[in-house]
Amino acid sequence: MEKRAEELRNLLNKYNHEYYVLDKPTVPDAEYDRLLHALIDIETTYPELQTLDSPTVRVGGAVSEKFEKVTHRVPMLSLGNAFNMDDLKAFDERVRSSLSPGEEVEYVVEFKIDGLAISLRYEKGVFVQGATRGDGIEGEDTTENCRTIKSIPLKLHEPLDIEVRGEVFMPTKSFLALNEQRLKEGEDAFANPRNAAAGSIRQLDPKEVAKRNLDVFIYALGEHNLSLESHKMALYTFHKQGFKINPETRIFKNIMDVETFIEQTIQKRNDLPYDIDGMVIKVNSLSQQEKIGFTSKVPKWAIAFKFPAEEVVTRLVDVEITVGRTGQLTPTAILEPVSVAGTTVSRATLHNEEIIKEKGIKIGDHVVIRKAGDIIPEVVRPIIERRTGEEFDFVLPSHCPECESELYQPEGEVAIRCSNQASCPAQIREGLVHFVSRDAVDLK
């Protein structure tokens with residue numbers, strides 16, 4: 001177990017560095033969460049194996065050296081996670097067990113924006129400092145870059161001394177435009193809006209940040225001397241002072257209504273003008289929050305419900321060749337079954353031999369898969385550091401796997417085709433399937 005714990009610590013610290021410092025994650029969030037929970041399980045069973053460098057003893061990641069460091073006067077804690085409705089019900093039971101019998105609870109439910117957490121400090125109503133979350137204790141001073149974000153007020157409506165927290169993000173429209181521009185200029189495209197937002201806010205030149213069209217939603221208080229009774233009142237105060245809050249935020253009196261709202265949001269999340277990766281559920285009453293309290297790492301009165309992973313890791317067991325109605329050979333990845341966005345996936349298209357070579361995929365690799373457009377499973381990339389030496393290259397057969405006829409590659413195409421158009425069983429079969437399909441004669 002000691003060797004496994006060390007292996008997990010090294011992997012998680014590496015992934016933390018890639019995510020928080022380099023802005024270049026190599027594994028999806030779901031894989032990181034799986035490894036983290038494996039380490040938590042080991043350290044819970046064998047407490048003597050927990051070390052000072054374990055990712056389980058810190059709130060977040062390391063601080064970049066690009067900017068001056070800022071110590072948060074009130075730590076920016078992370079949240080515990082819920083991955084299904086049972087987890088959410090267990091959270092509700094823990095909340096109610098911390099309160100008096102029969103005491104009513106209201107929950108505030110907010111979209112979990114897929115961006116970068118930020119702290120904004122105001123003195124006498126004037127914006128004086130912006131800082132990233134960093135490791136939750138120390139962040140990076142990004143004041144000048146924050147000034148370029150138009151939804152961050154430079155002066156409040158009242159002369160308050162206040163710190164607020166929110167999420168800097170890149171709207172989908174801005175993200176697509178930025179990637180298009182980067183590709184034109186010969187630069188690598190950002191993997192997703194979250195990485196684009198994180199990379200933008202850490203730009204050394206504020207003029208470049210201004211071009212990125214970043215946005216922000218404010219959702220929490222840091223250090224303050226306001227007299228408030230609820231989170232709802234805090235949101236009202238933010239709005240009143242000129243901050244942007246998410247209009248989709250809702251308040252519910254029971255966990256069943258929270259679950260219904262989450263299910264409705266999952267259905268419409270792809271229609272939103274920004275990315276969300278879950279929902280945040282908070283107890284509304286600040287006095288109840290105080291009564292419920294904190295663990296050493298997270299508040300017990302709030303939880304993040306994470307949507308089913310859109311990218312996950314599994315192993316590529318084999319590559320199967322299918323022959324289509326035009327004779328084109330298409331390689332399909334045979335995968336160890338894994339759940340992706342709510343369904344079990346065991347096969348994914350690899351398109352053609354050229355793409356397999358381009359992505360460097362080998363049979364036996366651990367690979368990242370996702371659903372393109374949340375529908376069609378595809379292999380994104382291999383995880384090279386997981387290789388054991390037993391993996392091997394895919395080789396396209398020299399003859400048609402259905403009829404043993406010679407293969408050929410039409411000029412100007414990447415596709416490889418079977419030359420036996422007249423009597424290849426696969427081409428005849430797939431031609432018949434197409435003939436009766438909805439797009440052809442639509443035969444019932």
Side-chain angles (χ1 to χ4, degrees), residues 26-28 30-31 34 308-440 443:
T26 58
V27 295
E31 177 66 0
R34 186 184 71 80
E310 294 179 356
E311 286 192 349
V312 298
V313 173
T314 189
R315 199 170 72 86
L316 194 157
V317 178
D318 201 358
V319 175
E320 180 179 285
I321 299 296
T322 57
V323 182
R325 65 184 177 89
T326 63
Q328 179 174 331
L329 274 64
T330 301
T332 298
I334 307 302
L335 308 164
E336 288 183 352
V338 64
S339 179
V340 187
T343 61
T344 299
V345 171
S346 58
R347 302 166 66 88
T349 179
L350 289 166
H351 301 289
N352 55 60
E353 186 182 32
E354 201 70 32
I355 287 179
I356 296 175
K357 290 178 180 177
E358 187 180 299
K359 292 185 175 182
I361 297 168
K362 295 176 179 285
I363 295 174
D365 267 338
H366 282 86
V367 292
V368 176
I369 65 167
R370 68 180 174 206
K371 284 189 177 179
D374 275 349
I375 299 171
I376 305 169
E378 66 174 351
V379 177
V380 181
R381 62 183 181 276
I383 300 180
I384 295 173
E385 67 259 33
R386 292 276 192 93
R387 285 181 176 164
T388 63
E390 296 180 1
E391 299 80 6
F392 54 95
D393 292 330
F394 163 75
V395 179
L396 197 71
S398 58
H399 290 76
C400 174
E402 288 271 350
C403 68
E404 295 295 322
S405 298
E406 289 188 2
L407 304 176
Y408 74 104
Q409 184 174 15
E411 188 174 344
E413 290 186 22
V414 295
I416 306 295
R417 300 182 188 275
C418 168
S419 59
N420 182 14
Q421 294 181 354
S423 55
C424 174
Q427 293 186 59
I428 295 171
R429 182 176 62 249
E430 294 303 317
L432 179 60
V433 169
H434 173 71
F435 177 79
V436 301
S437 71
R438 181 179 299 176
D439 291 334
L443 190 65

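One-based numbering along the sequence shown. Since the structure is predicted, the reported quantities are computational estimates derived from the model, not experimental observations.
Side chain of E404 to main chain of P401: no donor-acceptor pair is present (N/O by atom type, distance under 3.5 Å, no hydrogens or angles). Between the side chain of T314 and the backbone N or O of V338, no donor-acceptor pair lies under 3.5 Å.
In this structure, P382 and D365 approach most closely via the heavy-atom pair CB-OD2, 3.5 Å. Between A30 and V312, the shortest heavy-atom distance links the atoms CB-CG1, 4.1 Å. Taking each heavy atom of R370 and E311 in turn, the nearest pair found is NH1-OE2, 3.4 Å. Across all their heavy atoms, Q409 and A415 have their closest contact at CG-O, 3.4 Å. L329 approaches C418 most closely through the heavy-atom pair CD1-N, 3.9 Å. Residues G324 and E430 come closest through the heavy atom pair C-CB, 4.0 Å.
Every pair passing side chain to side chain donor-acceptor pair (under 3.5 Å) that includes a residue from residues 353-363 is listed here, sequence neighbours excluded: K362-D393.
Here the CD1 atom belonging to I383 is positioned 13.0 Å from the CZ atom belonging to R315, to the nearest 0.5 angstrom. Note: R417 CZ to C424 SG = 12.5 Å, rounded to the nearest 0.5 Å. Remark: Q427 CD to Q328 CD distance equals 10.5 Å, nearest 0.5 Å. How far CZ of F394 is from CD1 of I356: 5.0 Å, rounded to the nearest 0.5 Å. Here the CD-CD1 distance, from Q421 to I428, works out to 11.5 Å after rounding to the nearest 0.5 Å. Atom CD1 of I416 and atom OG of S398 lie 12.0 Å apart (nearest 0.5 Å).
Listed by chain and residue number, N420 satisfy the side-chain contact (heavy atoms from CB on, under 4.5 Å) test with S423 (two or more places apart in sequence, or in another chain). Listed by chain and residue number, K14, Y15, E18, E385 satisfy the side-chain contact (heavy atoms from CB on, under 4.5 Å) test with T26 (two or more places apart in sequence, or in another chain).
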### Task
Take V368 and V379, measure what side-chain contact (heavy atoms from CB on, under 4.5 Å) needs, and give me the verdict at the end.
CA-CA 6 Å; V368 176; V379 177; over 6 Å; no

### Task
Check the pair C400 / L407 against side-chain contact (heavy atoms from CB on, under 4.5 Å), numbers first and verdict last.
CA-CA 6 Å; C400 174; L407 304 176; 4.0 Å; yes

#### Entry: Worked verdict on E402 versus R429 for side-chain contact (heavy atoms from CB on, under 4.5 Å)
CA-CA 11 Å; E402 288 271 350; R429 182 176 62 249; 3.2 Å; yes

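With I369 as reference, L335 is the one residue of V313, L335, V380, L316 to meet the side chain to side chain contact (heavy atoms under 4.5 Å, CB included) rule. When the options L396, L350, T330 are evaluated for a side chain to side chain contact (heavy atoms under 4.5 Å, CB included) with I321, the one that passes is L396.
The environment of Y408 atom OH is dense: over 12 non-hydrogen atoms of other residues, nucleotides or ligands sit within 6.0 angstrom. Counted within 6.0 Å of CD on E413, heavy atoms from surrounding residues, nucleotides or ligands total more than 12; the atom is thus considered enclosed. For R325, the CZ atom sits in a loose shell: 12 or fewer heavy atoms of surrounding residues, nucleotides or ligands are nearer than 6.0 Å.
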